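Written below as structure tokens is the structure these notes are about.
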Amino acid sequence: MRREPQRGIVRALTMRAQVQPNKRHPPAFMTGKNNVNRHTIRVATATAIAAIAIGTAGTAAHAATAPQPLAQTAPALTSGQARTLLATPELASQLSADEQRTVNAVASNKASQVEARSAASSAAKAAFALIKKQGGKFYDSAVSAAKKGSKSFVKWAGDLKWYHPVRLAVSALGGYGVDQLIKLLISG
């Protein structure tokens, strides 16, 4: 009985099984050395990420069906943001005496949630007045960035010089204050 030669994938698989390891360069697991190269790390990282993704998929599905607790509202203006607003002379000069008292109360953690929102609105109005004071071209670029959305406006402000008072004001306003400032810019 003569055996016919195998073709294609079957032959390649049987030939590979017959290959002996190279004695001059044996595989890493046979040498006893801990050879961790970039490929090994990449494969291990991909495996870990896949395991995490599969593990969190069930948790996320459970969380989506679970009843949600009442949402906690974030403060409109934090004490650190209020201190930054008061420390910026260009912005503090735009606030009235009553508005400065409200922002000062927020800075000292003695303000209620309503007062914090009022202080954030006052700070947004002061930032709006500061932007208008900068001039027409600056104001137009601020309005066009505000029309593109909050993320675009914050990016626009972040591209200003680090010491620019408008950049300092926008960074100190927080989310609620930035939204108020954008509404003011779009409305006119």
Side-chain angles (χ1 to χ4, degrees), residues 38 41-42 45-46 48-53 55-57 59-61 63-64 68-188:
R38 187 174 66 170
I41 292 173
R42 288 175 66 192
T45 304
I49 289 173
I52 290 170
T56 57
T59 308
Q68 298 295 322
L70 294 175
Q72 294 288 333
T73 57
L77 192 67
T78 64
S79 61
Q81 292 167 340
R83 285 192 294 273
T84 304
L85 290 171
L86 292 172
T88 309
E90 293 88 357
L91 199 59
S93 66
Q94 300 293 329
L95 295 171
S96 69
D98 189 40
E99 292 170 338
Q100 281 187 349
R101 275 195 298 277
T102 307
V103 173
N104 222 351
V106 172
S108 61
N109 287 327
K110 295 179 182 175
S112 67
Q113 190 75 354
V114 174
E115 290 174 324
R117 284 194 181 272
S118 173
S121 295
S122 300
K125 289 175 189 170
F128 177 68
L130 188 62
I131 289 172
K132 282 183 96 172
K133 200 180 205 182
Q134 297 293 319
K137 191 172 184 181
F138 188 85
Y139 177 78
D140 291 340
S141 65
V143 169
S144 67
K147 286 182 179 178
K148 292 178 186 173
S150 176
K151 191 174 184 178
S152 174
F153 181 74
V154 171
K155 183 186 178 315
W156 170 82
D159 290 342
L160 297 172
K161 293 184 179 179
W162 67 269
Y163 55 84
H164 200 285
V166 174
R167 179 179 178 167
L168 297 174
V170 170
S171 66
L173 283 177
Y176 180 77
V178 169
D179 289 341
Q180 294 296 316
L181 178 58
I182 287 173
K183 286 179 186 175
L184 287 170
L185 284 168
I186 291 173
S187 66

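Bear in mind that the values here come from a model prediction, so they are computed numbers and not experimental data.
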The complete set of side-chain hydrogen bond (donor to acceptor under 3.5 Å, both in side chains) pairs with one or both residues in residues 119-134, sequence neighbours excluded, reads none
Note: Ala116 and Leu77 closest approach over all heavy atoms is O-CB, 3.9 Å
Residues Gln180 and Ala124: closest non-hydrogen pair is CB-CB, 3.7 Å
Gln100 and Leu86 have their tightest heavy-atom pair at O-CD2, 4.5 Å
side-chain hydrogen bond (donor to acceptor under 3.5 Å, both in side chains) pairs touching residues 86-96, sequence neighbours excluded, are Ser96-Glu99
Those residues at least two apart in sequence (or on a different chain) that pass side chain to side chain contact (heavy atoms under 4.5 Å, CB included) with Ala127 are Leu91, Ala169, Leu173, Leu181
Minimal heavy-atom distance between Leu185 and Ala142, with the atoms involved, is CD1-O, 4.1 Å
In terms of heavy-atom contacts, Trp162 and Leu168 come closest through O-CD2, 3.7 Å
With sequence neighbours left out, the residues meeting salt bridge (Lys or Arg N to Asp or Glu O under 4.0 Å) with Asp140 are none
Sorted by chain and residue number, the salt bridge (Lys or Arg N to Asp or Glu O under 4.0 Å) partners of Arg83 (sequence neighbours excluded) come out as none
Closest heavy-atom pair, Ala146 versus Ile182, reported as atoms and distance to 0.1 Å, is O-CG2, 3.7 Å
For residues 142-152, the side-chain hydrogen bond (donor to acceptor under 3.5 Å, both in side chains) pairs (sequence neighbours left out) are none
Tabulate below the donor-acceptor pairs under 3.5 Å that side-chain atoms of residues 103-112 make, not counting sequence neighbours, or state none.
| residue | atom | partner | partner atom | Å |
| --- | --- | --- | --- | --- |
| Ser108 | OG | Asn104 | O | 3.2 |
| Ser108 | OG | Ala105 | O | 3.2 |
| Ser112 | OG | Glu115 | N | 3.3 |

Sequence neighbours excluded, the answer for side chain to side chain contact (heavy atoms under 4.5 Å, CB included) partners of Ser171 is none
So salt bridge (Lys or Arg N to Asp or Glu O under 4.0 Å) across residues 156-175, not counting sequence neighbours, yields Lys155-Asp159
Ring pair (Phe, Tyr, Trp, His ring centres under 6.0 Å) filter on Phe153, not counting sequence neighbours, yields Trp156
